[in-house]
Protein chains: 4
Amino acid sequence: MSGFDESPGEFRVRDLSLAESGRRQIRLAEHEMPGLMALRRELAPSQPLAGARIAGSIHMTVQTAVLIETLTALGAEVRWASCNIFSTQDEAAAAVVVGPEGTPEQPRGAPVFAWKGETLEEYWECADQVFTWPGAGPNMILDDGGDATLLVHQGVEAERAGTVGPGTSPGEPGHSAEGEVLRETLRRSLAADPQRWTGIARGIRGVTEETTTGVRRLDQLAEAGSLLFPAIDVNSSVTKSKFDNRYGIRHSLLDGLNRATDVLIGGKVALVAGYGDVGKGAAEALRGQGARVVVSEIDPICALQAVMDGHQVARVEDVVGEADFFITTTGDRDVITADHMAAMKDKAVVGNIGHFDDEIDMAGLAAWPGVTRVEVKPQVHEWTFPDGHSVLVLSEGRLLNLGNATGHPSFVMSTSFTNQVIAQVDLFTRADAYDVGVHRLPKALDERVARLHLDALGVRLTELTKVQAEYLGLDVAGPYKPDHYRY
Amino acid sequence: MSGFDESPGEFRVRDLSLAESGRRQIRLAEHEMPGLMALRRELAPSQPLAGARIAGSIHMTVQTAVLIETLTALGAEVRWASCNIFSTQDEAAAAVVVGPEGTPEQPRGAPVFAWKGETLEEYWECADQVFTWPGAGPNMILDDGGDATLLVHQGVEAERAGTVGPGTSPGEPGHSAEGEVLRETLRRSLAADPQRWTGIARGIRGVTEETTTGVRRLDQLAEAGSLLFPAIDVNSSVTKSKFDNRYGIRHSLLDGLNRATDVLIGGKVALVAGYGDVGKGAAEALRGQGARVVVSEIDPICALQAVMDGHQVARVEDVVGEADFFITTTGDRDVITADHMAAMKDKAVVGNIGHFDDEIDMAGLAAWPGVTRVEVKPQVHEWTFPDGHSVLVLSEGRLLNLGNATGHPSFVMSTSFTNQVIAQVDLFTRADAYDVGVHRLPKALDERVARLHLDALGVRLTELTKVQAEYLGLDVAGPYKPDHYRY
Amino acid sequence: MSGFDESPGEFRVRDLSLAESGRRQIRLAEHEMPGLMALRRELAPSQPLAGARIAGSIHMTVQTAVLIETLTALGAEVRWASCNIFSTQDEAAAAVVVGPEGTPEQPRGAPVFAWKGETLEEYWECADQVFTWPGAGPNMILDDGGDATLLVHQGVEAERAGTVGPGTSPGEPGHSAEGEVLRETLRRSLAADPQRWTGIARGIRGVTEETTTGVRRLDQLAEAGSLLFPAIDVNSSVTKSKFDNRYGIRHSLLDGLNRATDVLIGGKVALVAGYGDVGKGAAEALRGQGARVVVSEIDPICALQAVMDGHQVARVEDVVGEADFFITTTGDRDVITADHMAAMKDKAVVGNIGHFDDEIDMAGLAAWPGVTRVEVKPQVHEWTFPDGHSVLVLSEGRLLNLGNATGHPSFVMSTSFTNQVIAQVDLFTRADAYDVGVHRLPKALDERVARLHLDALGVRLTELTKVQAEYLGLDVAGPYKPDHYRY
Amino acid sequence: MSGFDESPGEFRVRDLSLAESGRRQIRLAEHEMPGLMALRRELAPSQPLAGARIAGSIHMTVQTAVLIETLTALGAEVRWASCNIFSTQDEAAAAVVVGPEGTPEQPRGAPVFAWKGETLEEYWECADQVFTWPGAGPNMILDDGGDATLLVHQGVEAERAGTVGPGTSPGEPGHSAEGEVLRETLRRSLAADPQRWTGIARGIRGVTEETTTGVRRLDQLAEAGSLLFPAIDVNSSVTKSKFDNRYGIRHSLLDGLNRATDVLIGGKVALVAGYGDVGKGAAEALRGQGARVVVSEIDPICALQAVMDGHQVARVEDVVGEADFFITTTGDRDVITADHMAAMKDKAVVGNIGHFDDEIDMAGLAAWPGVTRVEVKPQVHEWTFPDGHSVLVLSEGRLLNLGNATGHPSFVMSTSFTNQVIAQVDLFTRADAYDVGVHRLPKALDERVARLHLDALGVRLTELTKVQAEYLGLDVAGPYKPDHYRY
């Protein structure tokens, strides 16, 4: 693993000399993360996270660095991994390790285990490392997509069973290479310490989860009665789901497409699979560039929204031969199949901005008889079919805004991460208020996150008079909407 | 009351000879209301509303005519009033009375009590009439804004107290002329039959309510423990609130402004007060015409949405001297005050598309020393201040899309009214399933409403494979989203 | 001709008692026509149009009333007709006749010959009347579409030939009923005075023409060497073509569609035939309402613009079965044929906002075997084909924004009419500077028109420093662009 | 000059080993440049540019590589420099030198003199090199911004005068460091060969110029009677100015901002200075991302367009303290002054996408007392004022889409460069048809460029019938518009 600082048990990043550049970017990002900086100002004096040991797993970007340093400013200890093998910004990882007061020679920041371009084996080793705490184990998880939580739950399950099942074999339905790597990681752990995960799980007060996909997994665990600790669904805060998912994607989709391909978007046809918040942001971005958007949807309500917003709604197969871009935003698998790709126009661009890499059937593509793959540049591959036409697949089917660009801009991550910090504080300091289950943040906290971001955007809020508030049956200070309000 | 058919106890509309024109419009509207027509085809054979006696109070438009005739096609008897003194389309009212098979000489339709331009006294008399059933009283209410429900509740309260309180006097805070008219109506009823409303209320299985404002009133009644029967909050169906409130307003705001003023919207500055669904639709419509929109908001989340959508967010007083249009969408009172209007540009246009006429302080305007009022044309008044500048107030502060135009287009009302019919059927046929409280329609029914409207818009829906559905933990047929999903 | 004031030789409008309402609308319109009002303030003192006798032919609307009264304020005498049989607003016509200082009993305004709903015979009689001047004939023409100019030229041609040719017979290619009416008018004139038009033409200093279509006719006359006097192509001023054609249509298309049909536009598919300025405005308006726009084009440059703006570009026949609206903007004939209409969806809406009624093949439609026509309301007809499907044709194929609504809003007409007044003044006072041919206004005057409209829109213009102006080789005061600049 | 291939007289690029990567990008770009590829297919057989020796000066990007190889495919010899010190893509330069059939060891392509990050001295040396032809000199110039043309004209002038004037001294008004470098280059040339430029100029058949700025210089030369050879203003083709300037900027502005800053654009305020085609594209892009755009303008017509498109129009100083982005698009100098920057919000982003680096007063900024400058990353500098606030200046004030990103996407450059090739062919093969002056391409050729790009965008063009064409007085094959039509 040449080229990496070898500091087993302490940190694993690409190169600490990148820290200076990372620090400069962090300083600029802080300016764009007014919610986190306000929380530091407000809460650091009272150190509400003193005693918290947070196992963190979110894309290790510059913005995450500001999150990490906000958590530590509030008293927490953290260990961090990325939740995606391509998404780490190596300068950010180095800067967090070095810390604002350290030097590459004497790092004084937080342990990070992440670099751009991990193998699957490395990925799960890093995930394992954030739970490998010197002394007392972690007592909080901050997760994105649910891999850290999954690791704990599968570890506990394996330890209960005393063994790690064989999984499916290559070629069987549902088989994934990644599942096999995870199982192998667990087998090693089981061999080393047959009660390790059971002990870790016992110490966890709860998890705060960032994404739709991760929350779906938590809901499934909760429904199955297998959830081991309370969870806060940060994704369901309006200031997270409507902002990060929609406005973040609106920004970073174009950034990813542009850095990857430099291809004109205007005048082209773009298929957006899914019209949830991510799909809405993607469609808005593409239309804003002059593309014609076609949406595919399974949900009649979202389909009706798409058509009322002026987009054609069709199935992928209806437009497969005329679209220039295919963008998946569904969180489901097999949305773009190898058959679809075989039928596309020459040099169609295929990218995923939903969650996992199985939205695009990469395995099916690789298995297509006679297909060839050439790396145009890192994270951009041209797959050529035997008939001569090729498709350009971004980030090997993983999140293109992270793999081909730098993810969401800082401001968007500020709304999202301000929710995370507030959720960590609430869950850590009021753990008794949360039973084992999946919870959402109360609306008052959600509105608070919004309020912390208005000044930076020049917003001048109207204040209800007492008479007006009474007329509506509201408190002047909010919350202003019923819980089921949809915004 | 010359000019009206005098048929006390049977119907009261302007002129039955308008029925032919109304019928023609109804036939065209049916084409644009695919959800209602599909329900007729599906449900008429089983007559699920046989035995239902529905007291209805919704703007008596052509679209409501299609709703009424759908309810009767499903077996219901109805009596109908408008919920707004200006909103009746006289041809529609006449056509409903005449019915598809009747003639003006031999009307065979449903009783309607509504005409364009009622006085407040007439309005509450009409509301009273829809409860004055020959034989058995009504057993269902279909309401818009909650006036029909209010009448029953205030009637019962008066009968419990044995008297109608004096209300406030003119000049006192909170005094409204309309409240006085309502109290007078109740006094007459109390004198005539001191148990009339108590009896009516006992017979009601429930109410389905159309609007945010009406639901807020129901919630207040429920919280106070005063609600007398179950209520279904139709407004909270996604296919109602996101469609009627947003897309309907997007359409009918422009229609109202154009018919009222013929003033160019492009290039002008428009203040939209409130950025809920109605405000979002209004802002989209105005921007789509090339106006620059400034939003005022009390809710930091909605304010953040507005600014992220590219609108300036300011207080009314910040832009009162530079905006050309002032559109209220809040559901609150005193949003545009007389002081605001005194400070506006010459010939600024002021209109309300929220709910009640107190969003604009009409009383304060009328009381402004030296102000004069000239009717430019019906529902458009120029109020001139002593300094010589004037403002154009639409529909005397009531809903401008109804007063100055013909309300929402049929297609939008189809999504809304399909929810109403489904709610009426569910509440009438499964009354036991609903306790006294405020309920929302299950998501499966909401998705069904959407599905009934897709074909007409050329939408081709994608269907989940079994593998995909399992991956998401969903049924192939839906529902596709958790209840708290915000769309 | 009951119902009309019978004042042969003086005026012919529907009812002078409408004048009061018209005057009120004129006063409001003046507020929205800052360019014309500024010209009155600037130029009335010097009476530059004293001695001008203007034969005017533009849609006789409230805005035209402000134009007429601006021309008279500058010293001109005028006589006026409408250039479209449906477009007259009767109140405006009456108010112009009565004048600001007259009464219905003692009208003191200008002679007008126009009412809503003229027959073709009446239309050409009215056109004839504006040339029938008591005493000296007209010396200026202000034209829209070129009918007034056509009348003079065909009159002269007939007088040269000594006869009016037979034209084509019904059934022959190129035959039009209107042509026959025009020829009949000329025959009468020829019988009465065989040198009348020759004399009139001799007295005309020139014409200012409003529209693309009219200019095309002028260009054809000029190319053929038949043009009889100088012409200024007002339509080519940027402040006319880009404003009136684009922003005016953006506004009034929706107004026309809404008043005519009340049909939801959002979510629907709209075919816009042509992507010139009118088509661009139409497409923007429809998209702003949430429709999906498909553009048809013959010009590869405009087609490329349409696709770069995100619209699908296809032929009418490619989408004839899926579009809900068909809007013609081309200025050409047979754009929507009877075959197209026979293949449309049930209740498709067909309207023209280009120029003449032959964009839609009304004659072919009427001749379709078994087709029936029902008037839904004035200017809205449902044509039902033998297979049962129907199409809704607006304004019988004539301009729908004029026939179904009130035309462009005042502000747009202000930019357009300010060009007209400036052109009339320049042509009348500097007639020697214009040879017989088609001219455009110099850019400095075009920029002046723009400047006269900025204050009303709150625009704060930047001023070049002398250094900056020198750097660009410009004068600080403009003009700022080369003549071929396209904006 | 370590790190560069030293091949004086042959080529000067950074590293020929980059050629393979460049070739891959060229192959992808060819797919996005359908106009150029169509010209190769059509014209290569007849070799219309055989004998042409083209001195080329356009940003040396991948797209320019496709242009160069199209010119050579048509028979031309070329020598190439970049017209901007930051805009060269080193892989593209290397690939052109190596050529499609060569190797880094045996390059067989065309001579290129360009690399990313030239000094001013190097820049003018490279410009000089493209005129230093072995054997016969160049006979054609292909220019962007006019520097190559300027060099010839100033060279000739110096040779006429026998000396190079002293220019202005540092500190004097109008002094530029670049001017001094250019004069030094000319002094060396004059010393070496006092008739060199005179001879070169004599051999030039003409120049085709790409940009507004370059054309303005040509117009000034022509007006002054100093123009030495015919020029074709490629910029004025609709398919150039409306596409490259508008749609190209719409795409590449976001790309530049994102790569440079990763700052959220949505919800922010962006000042766009100038509302010509470039400004229109910039405003559309920023709005499409959810920013609120404020436009500054000197031209009342463009200002009126901006406000009608829904943008606030104000002066820079009116919003200097509230905007987050300042984008110059004017082609003028001192648009953003040091005083402006001193008054901006902390971390405001300042970038130029107009033409020269003097739109932003970089010299004034550098001279501000106490200001400091830190390189955040290449082409992104944080300038901190003594009061602590800083501004982020992109590409040192030069074109940010080229300096911070990769310039316009290939498709846009295809419309632009197809015009260039057609212009080179026309000027070279029909030189007699062009007198010494500034010419525009005939509309038929402009329409041809559009036509060559429609298929790739799925456009299906409508064809006029003969009857329709006659009605309009057009040829079925076009051109379809008069020369002054503005699109």
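In the text below, chain A, chain B and the rest are named by the order of the sequence lines, each starting its count at 1.
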Notebook entry, point to check: Say you draw a straight line from CD1 of B:I265 to CZ of C:R250; how long is it, rounded to the nearest 0.5 Å?
Noted result: 9.5 Å

Check: Going by residue number, which parts of residues 404-412 of chain C are within reach of chain B, meaning a heavy-atom gap below 4.5 Å?
Finding: C:T406, C:P409, C:S410, C:F411, C:V412

Margin query: So which residue, B:R24, B:E322, B:K345, B:R287, ends up with the most heavy-atom pairs under 4.5 Å with chain C?
Written below: B:R24

Next item on the list: State the CD-NZ distance between B:Q25 and C:K377, to the nearest 0.5 angstrom.
Entry: 6.0 Å

Checklist line | Region of C:L392 in contact with chain B, defined by heavy-atom distances below 4.5 Å | finding: side chain

Next item on the list: Enumerate by number any residue of residues 28-37 of chain B whose heavy atoms lie under 4.5 Å from heavy atoms of chain C; in the absence of such residues, state 'none'.
Entry: B:L28, B:H31, B:E32

Item checked: Value rounded to 0.5 Å, distance of CG in C:L254 from NE2 in B:H251 -> 8.5 Å

Next item on the list: Under 4.5 Å, heavy atom to heavy atom: which of residues 452-459 of chain C reach chain B? Give them by number, or say none.
Entry: C:A456, C:L457

Notebook entry, point to check: How would you list all residue pairs meeting salt bridge (charged side-chain N to carboxylate O under 4.0 Å, His left out) that involve residues 401-410 of chain C, not counting sequence neighbours?
Noted result: none

Item checked: Separation between OG of B:S390 and CZ of C:R27, rounded to the nearest 0.5 Å -> 7.0 Å

Checklist line | Option that, when pairs with chain B are counted at under 4.5 Å, heavy atom only, ranks first among C:T261, C:V62, C:D346, C:L257 | finding: C:D346

Notebook entry, point to check: With only heavy atoms counted, which part of B:E375 is less than 4.5 Å from chain C, the side chain, the backbone, both or neither?
Noted result: backbone

Note to self: Heavy-atom cut-off 4.5 Å, strictly under: side chain, backbone, both or neither for C:E20 against chain B?
What the structure shows: neither

Checklist line | Where C:R259 and B:D262 come nearest, the two heavy atoms and their spacing | finding: NH2-OD1, 2.9 Å

Check: Taking B:G248, B:G288, B:S21 one by one, which has the highest count of heavy-atom pairs under 4.5 Å against chain C?
Finding: B:G288

